[in-house]
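Read the numbers this way: they start at 1 and go in the same order the structure lists the ligands and their atoms. Worth saying up front: this structure is predicted, and the values here are computed from it rather than measured.
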Amino acid sequence: MNIDRNAPVGVFDSGVGGLTVAREIMRNLPSEKIVYFGDTARVPYGSKSKETVIRYSRQIIRFLQEQKVKAIVIACNTASAFALDEVQHDLDIPVLGVIESGAKVAAAETRNNRIGVIGTIGTVGSGIHASYLKKLNPEITVIGKACPLFVPLVEEGWLHDPVTVEVARRYLHELQEENIDTLILGCTHYPLLRSTIQKVMGEDVRLVNPAYETALELGRLLAEKELQSTGTGQEEFPYRFYVSDLADEFKSFANSILPYDVEMTQKIDIEKY
Ligand code: DGL
């Protein structure tokens, strides 16, 4: 298939969290255009079944294909854990999740082979990080901990609030006891809690941000497939945002975290896809 290298990259998530991934793509691959879809009508994915998350992901991918994207990034950790393997076979464009790139860096960084993973109930329950990490190095022990309250705290904007620090202490206590030296922030929202998590875990624990690692991996993948944009990055609408509900709320969250002003967010009926 002939893929247009100047087409946008499709990025999708269950809602606003995937903007942490879009933001890293904007920073690290500034000439790439992005079509972002946030499934704000059906968030959260973290407490839904694998079958449901696969169905939602397939619908969103059909929408992104209609937008003629050249590659797809599944920014949502839960959707990456549940759906990447399933959808990969259906697609003739490259598709990338956020789990593998984070796992690779964690495996390279750990010194004591004890890695923690925090994420949604779905992601942690899937055991996907452990299966990647064990393939990379069978000596690695993975300790997972679901931290479901982090998502609403981030969306409330309580990034450094004492309540958030206390919640982090309670969730992360177990991981501290396990003597991990590396911790994967396995959920879209957690990079926004980085400094709180670092404070609680201590400076000696290396935090891995899969959003950043995925942006770098996307750069490598586009280069390998000769799909990097040759554009100047000066297009009028390099970034387009679509949601399934609450477009205004999405826009204000986006404007609080992106290095760029989101002017337009369009609501679409994803159930049609
Ligand atoms: N985007 C989800 C993830 O990274 C977190 C929010 C949700 O549960 O949908 O797993």
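Q176 meets the side chain to side chain donor-acceptor pair (under 3.5 Å) test with no other residue; sequence neighbours excluded.
Using a 4.0 Å cut-off between heavy atoms, D13 contacts ligand 1 through its side chain alone, with no backbone atom that close.
Within the listing of ligand 1, atoms 9 (O) sit less than 4.0 angstrom from a heavy atom of V43. The ligand atoms of ligand 1 that sit less than 4.0 angstrom from a heavy atom of T120 are 5 (C), 8 (O), 10 (O). Distances below 4.0 Å separate heavy atoms of G46 from the following atoms of ligand 1: 7 (C), 8 (O), 9 (O). Within ligand 1, counting atoms from 1 as listed, the ones closer than 4.0 Å to a heavy atom of S14 are 1 (N), 2 (C), 6 (C), 7 (C), 9 (O).
Ring orientation note: the planes of Y260 and Y239 are nearly perpendicular, at an angle over 60° on the 30°/60° scale. The aromatic rings of Y273 and F63 sit perpendicular, their planes meeting at an angle over 60°, well past the 30° parallel limit.
Polar contact with ligand 1: absent for P44 (N/O pair, distance under 3.5 Å). Considering backbone and side-chain atoms alike, H189 places every N or O at 3.5 Å or more from each N or O of ligand 1. At under 3.5 Å, a nitrogen or oxygen of T78, whether backbone or side chain, sits near a nitrogen or oxygen of ligand 1.
Heavy atoms of C187 come nearer than 4.0 angstrom to ligand 1 in at least one pair.
The residue from T188, D13, T120 that alone fulfils the side-chain hydrogen bond (donor to acceptor under 3.5 Å, both in side chains) condition with T78 is T120.
Comment: E263 does not engage R240 in a salt bridge, judged by the lack of any side-chain N to carboxylate O separation of less than 4.0 angstrom. Salt-bridge annotation for E226 and R5: absent, with no side-chain N of the basic residue lying under 4.0 Å from a carboxylate O of the acidic one.
Applying the ring-ring contact (aromatic ring centres under 6.0 Å, His included) definition to pairs two or more places apart or across chains, those involving residues 172-224 are F150-Y190.
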